Amino acid sequence: MLGEFLGTLTLIVLGCGVGAGLNLNKTMAHGQSDWFYVTFAWGIAVTMGVYVAASFGAQGHLNPAVTIAFAVAGTFPWSQVAPYLAGQFLGAFLGAVLVIIQFWPYFKATKDPKHNNVGIFSTVPGIRSNLFNFLSELIATFVFMLVLYNLGNFTTGLKPVVVGLVIFVIGAGMGTTTGFALNPARDWGPRLAYTIIPVPNKTSAMWDYAWVPMFGPLAGALLATMLQMAVK
């Protein structure tokens, strides 16, 4: 649990920190939004999170969809699923809390809801269409899981860098529809932090949409698992 907690915390601090830095007024990066930069930064955030998790003896999932899928495939013990999920969601929540603390004055300086919203922490779609948003998350996570299955132990050597590059390339293309959650904890932990902490000038946390980044990645990961088990 500790490794997954610290790895996911690292992922969220680095990833959501990018969102805050680009969107909030008076930061050095405000107004410099570039999708290439965002997706590359999230890829590196995942790489660093995997390295941190692995150094504490965890498998570097950082993602409930990955943990559950590996358990279904029989490559991860079911007895460890609950502790891993607890570490992932708690790490994501506290990672977002750290970002809120660091950028508190900048949230206060940003009253425009276009720049100060839940999208700093969690995913929001470009076009709201629940069915197609769900399918976008399903397809993107399906591809991500296929790569993970065929990497073997992705916590060793330079493989975490490969995982980060996969996140980057998925985000650069397929992620332009929904913001590519791929990960229920990465979305729900920060969304919850944004909800319960009195962030200055905050707007809606969009919980009516939150089922998409929860169940889309889970469905995509399980479909990839079924395919992998069928052909291998």
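Just so it is clear, the model here is predicted, and its values are computed rather than measured.
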[X], [atom1] atom: more than 12 neighbouring heavy atoms under 6.0 Å:
{"X": "L131", "atom1": "CG", "result": "yes"}
{"X": "Y106", "atom1": "OH", "result": "no"}
{"X": "I196", "atom1": "CD1", "result": "yes"}

Please examine the side chains of [Y] and [X], heavy atoms only from C-beta on, and report whether any two atoms are closer than 4.5 Å.
{"X": "F134", "Y": "P217", "answer": "no"}
{"X": "T178", "Y": "P213", "answer": "no"}
{"X": "V162", "Y": "F154", "answer": "no"}
{"X": "Y84", "Y": "V81", "answer": "no"}
{"X": "N150", "Y": "Q228", "answer": "yes"}
{"X": "Q88", "Y": "V66", "answer": "no"}
{"X": "M229", "Y": "T225", "answer": "yes"}
{"X": "L9", "Y": "V52", "answer": "no"}

In Å, rounded to the nearest 0.5 Å, how long is the span from [atom1] of [X] to [atom2] of [Y]?
{"X": "L223", "Y": "L146", "atom1": "CG", "atom2": "CG", "value": "10.0 Å"}
{"X": "T177", "Y": "F132", "atom1": "OG1", "atom2": "CZ", "value": "11.5 Å"}
{"X": "S204", "Y": "Y209", "atom1": "OG", "atom2": "OH", "value": "13.5 Å"}
{"X": "T8", "Y": "H61", "atom1": "OG1", "atom2": "NE2", "value": "10.5 Å"}
{"X": "Q80", "Y": "L85", "atom1": "CD", "atom2": "CG", "value": "11.5 Å"}
{"X": "T176", "Y": "I170", "atom1": "OG1", "atom2": "CD1", "value": "12.5 Å"}

Is the backbone of [Y] close enough, under 3.5 Å, to the side chain of [X] for a donor and an acceptor to pair up by distance?
{"X": "T110", "Y": "N25", "value": "yes"}
{"X": "N116", "Y": "V199", "value": "no"}
{"X": "E137", "Y": "A181", "value": "yes"}
{"X": "K159", "Y": "L151", "value": "yes"}
{"X": "T155", "Y": "Q59", "value": "no"}
{"X": "E4", "Y": "G60", "value": "yes"}
{"X": "S122", "Y": "R191", "value": "yes"}
{"X": "W35", "Y": "G171", "value": "yes"}

Which pairs count as ring pair (Phe, Tyr, Trp, His ring centres under 6.0 Å) when at least one residue sits in residues 184-205, sequence neighbours excluded?
->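 Non-adjacent pairs meeting ring pair (Phe, Tyr, Trp, His ring centres under 6.0 Å): F121-Y194, W188-W207.
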Describe, in one word, how the ring planes of F36 and F40 are oriented to each other, choosing from parallel (under 30°), tilted (30 to 60°) and perpendicular (over 60°).
->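 The rings of F36 and F40 lie parallel, inter-plane angle below 30°.
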Out of curiosity, does [Y] fall in the hydrophobic cluster containing [X] (side-chain heavy atoms, cut-off under 4.5 Å, transitive links)?
{"X": "L218", "Y": "Y149", "answer": "yes"}
{"X": "F56", "Y": "L90", "answer": "yes"}
{"X": "L165", "Y": "I167", "answer": "no"}
{"X": "F107", "Y": "M206", "answer": "yes"}
{"X": "V161", "Y": "L182", "answer": "no"}

Please report the C-alpha distance between L11 and N183 in whole Å, then the side-chain angles of each, then the deciding distance to 0.1 Å, and finally whether the side-chain contact (heavy atoms from CB on, under 4.5 Å) criterion is met.
-> CA-CA 11 Å; L11 161 66; N183 181 340; 4.2 Å; yes
Please step through side-chain contact (heavy atoms from CB on, under 4.5 Å) for the pair L14 and I44, ending with a clear verdict.
-> CA-CA 8 Å; L14 297 176; I44 296 299; 5.8 Å; no
Work out which heavy atom in [X] is nearest to a heavy atom in [Y]; give both atom names and the distance.
{"X": "M145", "Y": "A69", "value": "CE-CB, 3.8 Å"}
{"X": "A96", "Y": "I12", "value": "N-CG2, 3.5 Å"}
{"X": "G164", "Y": "T47", "value": "CA-OG1, 3.3 Å"}
{"X": "T67", "Y": "F76", "value": "CG2-CE2, 3.7 Å"}
{"X": "T27", "Y": "A20", "value": "CG2-O, 4.2 Å"}
{"X": "A219", "Y": "L138", "value": "CB-CD1, 3.8 Å"}

Kindly determine whether L192 and F89 satisfy side-chain contact (heavy atoms from CB on, under 4.5 Å), including the steps that lead there.
-> CA-CA 10 Å; L192 180 61; F89 279 103; over 6 Å; no
So, D187 and T123: side-chain donor and acceptor under 3.5 Å apart, yes or no?
->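 Present: a donor and an acceptor within the cut-off.
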I101 and W104: side-chain contact (heavy atoms from CB on, under 4.5 Å), yes or no, with the steps?
-> CA-CA 5 Å; I101 292 171; W104 190 272; 5.9 Å; no
Centroid-centroid distance, F180 to F144, less than 6.0 Å |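 Judged by ring-centre distance (under 6.0 Å), F180 and F144 do not meet the cut-off.
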